Peer 1: 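Below is the structure I would like to discuss, written out as structure tokens.
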Amino acid sequence: MNINLGKGGDVTIIPVFKDTGVVENIEKLYKYLKEKEIFKGDSGELFADIASEDNKVLLVGLGDRNKLTSQSTRKAFFKAGKKLMKLKVESVGVSIPKWENISHSEAVRAVVEGLLQSEYGFEKYIADKKNIPSIKDAYINVPKDREEESKRAIDEIKYIMEGVFLARDLVNEPAISMTPKMLAKMAIKELKDLGVEVDIYGKEQIEELGMEAYLAVSHGSSQDPQLIVIKYKGDPSSKEMLALVGKGLTFDSGGYCIKPAKAMDTMHSDMAGAASVIGAIKSIAKSKLKRNVTGIIAACENMISGAAYKPGDIIGSMSGKTIEVLNTDAEGRLTLADALWYAADTLEADSIIDIATLTGACIVALGNINTGAITNDDTLMDKVRKAGEIAGEPIWELPNNDEYREMIKGDFADLNNIGGDGAGAITAGLFLEEFVKDTPWVHLDIAGTSYLKKADGYLPKGATGVPVKTLYYLAKNSNI
Ligand code: BES
Ligand code: ZN
Ligand code: ZN
């Protein structure tokens, strides 16, 4: 779908609030629909009339005028896009006047995002494709004095959605093809041309770096680990750097603490953190944000073989801390321990966000709605939470009392990798904290939000691309 600024389109989308009295050009039709309660303007409600030759319309309900949010707008326009696709409409126009609750550029972004969201499907492996985006052109009509602002908003949301869709595609790809090597290849393919530096370190170099915890996890697999380091330098004059560390398990069988079949078939999605880092850096680079952002991904598989690590193993780490492996399925934190240390110690990042499908416990606590967070820095946490609000990707901070820290102490090593009974999402996060030194850091547990068993609003079944949008807005608004 091309997004154009100006008037045009075979079908006109007409946004309608609940209290709207008269709708221009379709006064009679609207009066009838309202009287008969066929269309009331509830948020997300649709009514299409594309029979007439010269006045084809799609009414889109926006609900109460004073309750309008970016999120409700995205959802309504996602539905509109789906409907238009069903009707095989090829071009569409929409006027965006000034809405009271949200700023003009937020409104433009939400409308365009909703329409773009309606196009996504992962049908690469399906012969009989059902998701065939029909809309070739969308025309966004705005008041004259808003044109410049609107143009920027359109470009921005287009770049953001490219990152979101890239992350989804990477996650939806099965583990048979999305190996650590393929993930590294994809990072290069998607980012190099944008002037982003992508360095790949193989097994021997990872050994030289002393990343013993990461390597231990990778031992059982015949696919070599790949450490992917992505450097975007949007502000060369500054030394300040934000590190995004993504969990990159291209498959998590659980290792010798093997997962039951029902919990294993979606574990190609255990690299959703890594995918969100690649996707976000793509959006950031395309938008040419003035920030320095480094992505770090310790990619590997957690498998079973004669070489695999075992329950009870005591392993080292790049930081020097030792870890008792009480469960081989708590592998993400081991790979992240070394990736975080690399970000904090080797690269001396000024702030670190890690993004990980880390625990089933986080899904128990928050379901698929909120991403769970743990932090050592309230200021950074506030920025991340606000970026999540702008993005429509809610984040909920979990507590981090010292008592929880007792639970990850080891009996025969410095740390253990499972914590105690209960609070699994918290102890997993606090385990990571051991490897960030004093760097301001936020951990995002996306186990529940990055992958869905069934579609929810504009988020499709399978990979959602969460939290690419949040990471983009965080990088953009250093002072939000
Ligand atoms: N990748 C899983 C977490 C996960 C579960 C992500 C479900 C998405 C959906 C992680 O490696 C894991 O297995 N964690 C264990 C930790 C436990 C053994 C301490 C878990 O959550 O059960
Ligand atoms: Zn696991
Ligand atoms: Zn895992």
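For ligands, and for the atoms within them, numbers begin at 1 and follow the listed sequence. None of these values were measured; they are calculated from a predicted model.
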Peer 1: Going through the checks in order, is the salt bridge (Lys or Arg N to Asp or Glu O under 4.0 Å) test met by Asp382 and Arg385?
Peer 2: CA-CA 5 Å; Asp382 275 344; Arg385 199 186 351 252; 2.8 Å; yes
Peer 1: Out of Leu432, Ile446, Ile374, which one pairs with Leu358 under the side chain to side chain contact (heavy atoms under 4.5 Å, CB included) rule?
Peer 2: Leu432
Peer 1: For atom 2 (C) of ligand 1, which protein heavy atom lies nearest, and how many Å away is it?
Peer 2: Asp252 OD2, 3.6 Å
Peer 1: Considering the heavy atoms of Thr357, write down every atom of ligand 1 situated less than 4.0 Å from one of them.
Peer 2: 1 (N), 2 (C), 3 (C), 6 (C)
Peer 1: Using 30° and 60° as the class boundaries, would you call the ring planes of His443 and Trp441 parallel, tilted or perpendicular?
Peer 2: parallel
Peer 1: Around atom 16 (C) of ligand 1, find the nearest protein heavy atom and jot down its residue, atom name and distance.
Peer 2: Arg333 NH2, 3.8 Å
Peer 1: Using a strict 4.0 Å cut-off to heavy atoms of Lys259, name the atoms of ligand 1 that fall inside it.
Peer 2: 2 (C), 12 (C), 13 (O)
Peer 1: Under 3.5 Å, is there a donor-acceptor pair between the Thr470 and Glu393 side chains?
Peer 2: yes
Peer 1: Between Asn370 and Leu366 (side chain of the first, backbone of the second, donor and acceptor by atom type, cut-off under 3.5 Å), is there such a pair?
Peer 2: no
Peer 1: Is there a polar contact, in the sense of an N or O pair closer than 3.5 Å, between Asn327 and ligand 1?
Peer 2: no
Peer 1: With no hydrogens and no angle check, do the side chains of Asp235 and Asn292 hold a donor and an acceptor under 3.5 Å apart?
Peer 2: no
Peer 1: Nearest protein heavy atom to atom 15 (C) of ligand 1, by residue and atom, and its distance?
Peer 2: Asp329 O, 4.0 Å
Peer 1: Angle subtended at the Zn ion (ligand 3) by OD2 of Asp252 and NZ of Lys247, to 10 degrees?
Peer 2: 170°
Peer 1: Can a side-chain donor-acceptor contact be found between Tyr472 and Glu156 if the only test is distance below 3.5 angstrom?
Peer 2: yes
Peer 1: Does ligand 1 have an atom that lies less than 4.0 angstrom from a heavy atom of Ile363?
Peer 2: yes
Peer 1: If you measure only the distance, is there a donor-acceptor pair under 3.5 Å linking the side chains of Asp270 and Tyr451?
Peer 2: no
Peer 1: Testing Lys75, Arg74, Lys158 one by one against Glu113 for a salt bridge (charged side-chain N to carboxylate O under 4.0 Å, His left out), which residue passes?
Peer 2: Arg74
Peer 1: Does any N, O or S atom of Asp270, backbone or side chain, fall under 2.8 Å from the Zn ion (ligand 2)?
Peer 2: no
Peer 1: Which residue supplies the protein heavy atom nearest to atom 8 (C) of ligand 1, what is that atom called, and how far is it?
Peer 2: Met267 CE, 3.6 Å
Peer 1: Mark the output for Met264 as yes if a heavy-atom distance to ligand 1 is under 4.0 Å, and as no if none is.
Peer 2: no
Peer 1: Within the structure, does Ala330 bring an N/O atom to less than 3.5 angstrom of an N/O atom in ligand 1?
Peer 2: no
Peer 1: Around atom 10 (C) of ligand 1, find the nearest protein heavy atom and jot down its residue, atom name and distance.
Peer 2: Leu358 O, 3.3 Å
Peer 1: Can you tell me how far apart OG (Ser319) and CG (Leu415) are? Round to the nearest 0.5 Å.
Peer 2: 8.0 Å
Peer 1: Between OD1 of Asp329 and OE1 of Glu331, what angle is found at the Zn ion (ligand 2), rounded to 10 degrees?
Peer 2: 120°
Peer 1: Just jot down the ligand 1 atoms closer than 4.0 angstrom to any heavy atom of Lys247, in number order.
Peer 2: 1 (N), 10 (C), 11 (O)
Peer 1: If I apply the N/O under 3.5 Å rule, does Thr359 come out as touching ligand 1?
Peer 2: no
Peer 1: Do other residues, nucleotides or ligands put more than 12 heavy atoms under 6.0 Å from the NZ atom of Lys203?
Peer 2: no
Peer 1: Ala447 heavy atoms, cut-off 4.0 Å: which ligand 1 atoms fall inside?
Peer 2: 6 (C), 8 (C)
Peer 1: For residues Leu170 and Met271, determine if any side-chain heavy atom of one lies less than 4.5 Å from a side-chain heavy atom of the other.
Peer 2: yes
Peer 1: Below 4.0 angstrom from a heavy atom of Glu331, which ligand 1 atoms are there? Numbered from 1 as shown, please.
Peer 2: 11 (O)
Peer 1: Got the closest protein heavy atom to atom 21 (O) of ligand 1, with its distance?
Peer 2: Gly360 N, 2.6 Å
